[in-house]
2 protein chains.
Amino acid sequence: MVSRLESAAATRQALLDAAADLLNTGGLEAVTLRAVGARAGVTRGAPYRHFADKESLLIAIGSAAWDRIAEHSAALRADGTLPPVRKLRAALVALIDIGRAQPHLYRLMFSNPPGDPAALARAARRSHDEFLAIVGELVGAADARRYGALLIGSVGGITGMEVSGQLADPKWSQTPEDLVDTLVEMVAHASRA
Amino acid sequence: MVSRLESAAATRQALLDAAADLLNTGGLEAVTLRAVGARAGVTRGAPYRHFADKESLLIAIGSAAWDRIAEHSAALRADGTLPPVRKLRAALVALIDIGRAQPHLYRLMFSNPPGDPAALARAARRSHDEFLAIVGELVGAADARRYGALLIGSVGGITGMEVSGQLADPKWSQTPEDLVDTLVEMVAHASRA
DNA sequence: ATTTTCAGATGACGTTGTCACCTTTCCGAG
DNA sequence: CTCGGAAAGGTGACAACGTCATCTGAAAAT
């Protein structure tokens, strides 16, 4: 008694899960439509009933990841028990966690696909808005844009260094969390002056 | 009177130039060994006399870009007429300039290839060392590691936002240069305290 | 002068993304 | 209740790609 619509939606989700799984375990090169189909229990042509092409499937995965981050930030913002500095730090560290646990997914989130270069940037907007609100609680609405862009960009890059193994160089002797703490401290201090 | 060695070296460079050109104009997807060979005046199999595979060719391009940055930073560091803050800003803005002028090359520089994930991270080390020295001039050797990692990561991420078009959102109303100025100012201030 | 070496050309193979066509199954109108 | 359209999925085919084995010709070494 599964309706056709339910079955189709389930297949679509199975394709997304299969692709995300392959991405995490074997990297982007392991994500082939044939492998995705096989893991989802269908054949190579089936994904075209749910996604225009391979790129659309990847964009959907990246967008979903951005949506989860947006929800996480929204939940943080709504938490009244946490002081703004804590919210900010938690929101930033969430990105680091994704980068560490799912580096290939992290890369995908920041890629811009050849066909629709702005697709993932659009998906990131909701997440950025939530983040902007959290920053505003700390530094005030006037400076939120300035420090918001700086913090998001910085953490994105710091996580990128971690993902590509550059931060592992003993030359730095800093964890991403260390750097985030320094960054938040500097921003909090600068906004008070 | 071109010797065979000279001819081989010229072909190798022609392949690198052709690939870099295709990368800049058409993105990574436009870089096919057949197209690279055609533009360099050879056929599709010829690149295998100079590079183990396609990935090695791309790594060579990314490494060369990192080398150019290292040289640029070294030249900056040797310039006695510039105060440390100026050197630091110029070194950081150099990354932004590459990102803007050659976004696909910029992406390649920060990618980690499936075969040798640390290859480009190694190529970036010399550049990082030069940068570390410049930071040291400003904040002292004790804090150089801390702020060096923070600055490199931050600027990498900020440029990434610019490259992927996220900073273009009027929501931020900040140029990458604005953010770098804020960042440098904050670091200079923090290191004085 | 002869042998070795190596850049380059060519043919072939497996894999991939994609499309056209066919089959099957479900939903809704009569 | 029937039947016709719609849509999911399967199958065959094709072009493009990375890669390798093999061949050729010319330069370097002996």
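Just so it is clear, the values below take in all heavy atoms, side chains as well, and ignore hydrogens, waters and symmetry mates. Here is how names work: the chains are called A, B, and so on, in the same order as the sequence lines, proteins then strands, and each is numbered from 1. Everything numeric in this text was worked out from a predicted model, so none of it was measured.
- If you take CG of B:Leu22 and P of D:dC17, they are 11 Å apart, rounded to a whole angstrom.
- Closest to the A:Arg44 side chain, of the nucleotides D:dT11, C:dT16, C:dC19, is D:dT11.
- Under the 30°/60° scheme for interplanar angles, the aromatic rings of A:Trp66 and A:His128 are found to stand perpendicular.
- When the side-chain nitrogen and oxygen atoms of B:Thr32 are compared with OP1 and OP2 of D:dG18, one or more of them lie within a distance under 4.0 Å.
- Counting only distance, with no hydrogens or angles, the side chain of B:Asp17 and the backbone of B:Ala14 share no donor-acceptor pair below 3.5 Å.
- Residue-to-nucleotide proximity on DNA chain C shows that, of A:Val31 and A:Arg49, the 5′-proximal contact is made by A:Val31.
- With DNA chain C read from its 5' end, the first of the two nearest nucleotides for A:Glu29 and A:Ala52 is the one closest to A:Glu29.
- Looking at heavy-atom distances under 4.0 Å, A:Thr43 makes contact with a base.
- For A:Thr11, taking side-chain heavy atoms from C-beta onward, the closest of the listed nucleotides C:dT16, D:dG18, D:dG9 is D:dG9.
- Map B:Asp53 and A:Val42 each onto its nearest nucleotide of DNA chain D; the residue landing nearer the 5' end is A:Val42.
- Side-chain atoms of B:Ala46 lie closest to C:dA9 of the nucleotides C:dA9, C:dG17, D:dG18.
- Per the geometry, NE2 belonging to B:His50 stands 16 Å off P belonging to D:dT19, to the nearest Å.
- In terms of heavy-atom proximity, B:Arg107 sits nearest to A:Phe110 at NH2-O, 3.0 Å.
- Shown here is A:Arg86, whose CZ atom has no more than 12 heavy atoms of other residues, nucleotides or ligands within 6.0 Å.
- Rounded to whole Å, atom P of C:dG17 lies 13 Å from atom CG of A:Leu15.
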